[in-house]
Amino acid sequence: MTFTIDGKQVLAALDRYLEESRQAKKPVIHQETIETIHRQLDLAAIFREGGLSGSRLDRFLSAYLDNTTRLHHPGYLAHQVGNPQPLAALGSFIDGVTNNAMAIYEMGPAAAAIEFFMVNQLLDRVGWPHMPFDTKQRLTVDHGAGVLTHGGSLANMTALMTARNHLDPALRENGCTSDLVLLAPDSCHYSVTKTAGILGMGEKNVVLLPTDRLGRVLPDRAERTISQTLKAGRRIVALIANACATGTGLFDPIDRLADICRKHSIWFHVDGAHGGSLLFSKKYRHLLAGLEKADSLILDAHKMLQTPTVCAALLVKHAATLDHAFQHDAGYLFHEKYQPGFDFISQTVECTKAGLGLRFFLAFAAQGEAGMAEYIDTCIDLTCSAQKYIASQPDFDVPYTPESNILCFRHSASETDQLAIRDRLIQKGNFYLSSTSINDQRFLRMVIISPATTLDDIKALVHAIRQAAETG
Ligand SMILES: Cc1ncc(COP(=O)(O)O)c(C=O)c1O
């Protein structure tokens, strides 16, 4: 009963919140100090006394929501954090209430079956054979496989660990030897370098692939790097390509790199944390051409697939490689049993694992595949229009044509530092941009991800940037 009453209150507050955000009635970003927020939320008293409900719950929610960053706001143009479908958010809620830790099937058959379904949908889009319902065939029939993880960093780590154990199965037990390297462009996500450290290969053993001035891998020169690396007696665990790069949103030449990796029998990993979502695009799927020739892929559903944070997927072309990546003993989990389903536990770093498939599935259930494709294509189309508009302004500099919903640009006429401009915009609260550097030059960076954003907002942003640059 209390649960239903509290729930209604929460939903009503969230409904108002979404409307206020979409209509830009409150600032997109509003940052108080930690101390102030503690006070506004009355944390100490509530923690001590409990019983948060009724008008006190309303006050708490209102203070909480006023201190959020509003991803549904038209001026939200900062980071690649998804704009969840409300139905998908209810998926997170259902998962929170049922709390089925579904890594072993008996602990959450519905959640595990949905994860199985979503992984197969993704495998289908890549062009890799499904995981069969009869999981005994896992050992006898070659097919793809995958697992949902808590984020792209963990998915990258799992993929590269799979590649390492595939290269030399003894490494899992014995530890890394000093001859192991990863090949990746400097523009790769930092989770790749972090993985090299975590897996014991050493961060210094990420050999950088040659790139053009925008950080895209140059395939011919990459081949030379491979030959030199092999000649030096190093073993290449994997070559990693961006689809797309976090900073610029530009894609590496996947098809060419896949062929090169195949020629040299190198594991080819595609980091599609952001751009993997183009698997569902009608207009931009071609940017992933050649993906089926890769050995592994990751994508973040919580970026462009309107799924609440966090939900990422790791996919491999051959299920056996993932099966061999983890083989551990845990008497309370791994034993003979009646088993009508599939245990994801032996594919993942995690032991207690949330049912991430439900929120992911519900993002599609809200609008269907065509609706998802339209969302993705609209975001990218608008980014292309934004690029044309900004590039036509004499006081702005845009270094490339976008391939995704990420665009870097700078106010070139101003004496003011780009970061100072960003800070001033944030202080005002109408627009929230991120920033990155390309070739040691600082750029403003926009990610068009809120369906509320229009070209008029981009024009207003340009005006706001000029004002911010002037007010020193
Ligand atoms: C290309 C790329 N790879 C990996 C990641 C890491 O994903 P997550 O933040 O979900 O851990 C990101 C995040 O922005 C990314 O852009």
Side-chain angles (χ1 to χ4, degrees), residues 69 71 76-84 92 122 146-161 163 182-199 203 206 209 211 214-217 238-252 254 257 268-279 287-288 291 294 296-315 348-350 353-354 356 359-360 363 376 379-380 383 402-408 433-438 445-449:
T69 299
L71 276 64
Y76 178 82
L77 298 160
H79 297 283
Q80 308 138 269
V81 180
N83 206 277
S92 302
L122 296 173
V147 65
L148 301 182
T149 68
H150 275 86
S153 302
L154 188 56
N156 266 340
M157 191 186 100
T158 311
L160 297 173
M161 196 182 86
L182 294 173
L183 301 189
D186 196 26
S187 51
C188 72
H189 189 259
Y190 75 92
S191 58
V192 169
T193 321
K194 193 161 66 171
T195 288
I198 294 170
L199 294 185
E203 293 190 2
V206 178
L209 291 167
T211 57
L214 291 166
R216 283 174 294 207
V217 176
L239 184 149
I240 296 119
N242 290 317
C244 49
T246 312
T248 58
L250 296 173
F251 287 72
D252 284 327
I254 294 171
L257 291 172
F268 182 40
H269 174 63
V270 177
D271 182 349
H274 189 84
S277 53
L278 297 190
L279 285 174
L287 289 164
L288 297 174
L291 186 59
S296 55
L297 161 74
I298 70 146
L299 69 85
D300 275 6
H302 65 243
K303 288 186 164 52
M304 283 302 289
L305 295 178
Q306 299 203 288
T307 303
T309 303
V310 285
C311 178
L314 156 67
L315 303 177
T348 172
V349 173
E350 292 154 275
K353 178 167 143 39
L356 301 176
R359 65 192 68 175
F360 190 12
I376 295 166
C379 288
I380 302 178
T383 310
E403 293 181 333
S404 66
N405 58 327
I406 299 173
L407 180 66
C408 297
L433 290 172
S434 50
S435 166
T436 192
S437 63
I438 304 175
R445 173 177 176 271
M446 69 161 72
V447 179
I448 298 187
I449 204 160

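Both counts, for ligands and for their atoms, begin at 1 and track the order of listing.
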Exercise for review: Mind checking the CG-SG spacing from L250 to C408? Nearest 0.5 Å is all I need.
Suggested key: 8.0 Å
**Study point:** Residues which pass side chain to side chain contact (heavy atoms under 4.5 Å, CB included) with T383, listed by chain and number, not counting sequence neighbours
**Key:** P402, N405, L407, I448
List, one per line, each side-chain donor-acceptor pair under 3.5 Å for residues 77-84, sequence neighbours excluded.
from : atom 1 : to   : atom 2 : distance (Å)
Q80  : OE1    : R445 : NH2    : 3.0
Q80  : NE2    : H274 : ND1    : 3.1
N83  : ND2    : L71  : O      : 2.7

Practice item. Return the protein residues near ligand 1 (heavy atom under 4.0 Å from any of its atoms), ordered by chain and residue number. Key: Q80, G151, G152, S153, N156, H189, S191, C244, T246, D271, A273, D300, H302, K303
Point to revise | H302 side chain to T307 backbone, donor-acceptor under 3.5 Å | key: no
Practice item. Go through the structure and list residues passing ring pair (Phe, Tyr, Trp, His ring centres under 6.0 Å) with Y76, not counting sequence neighbours. Key: Y432
Check your understanding: Backbone N or O of G215 within a donor-acceptor pair of the S187 side chain at under 3.5 Å?
Key -> yes
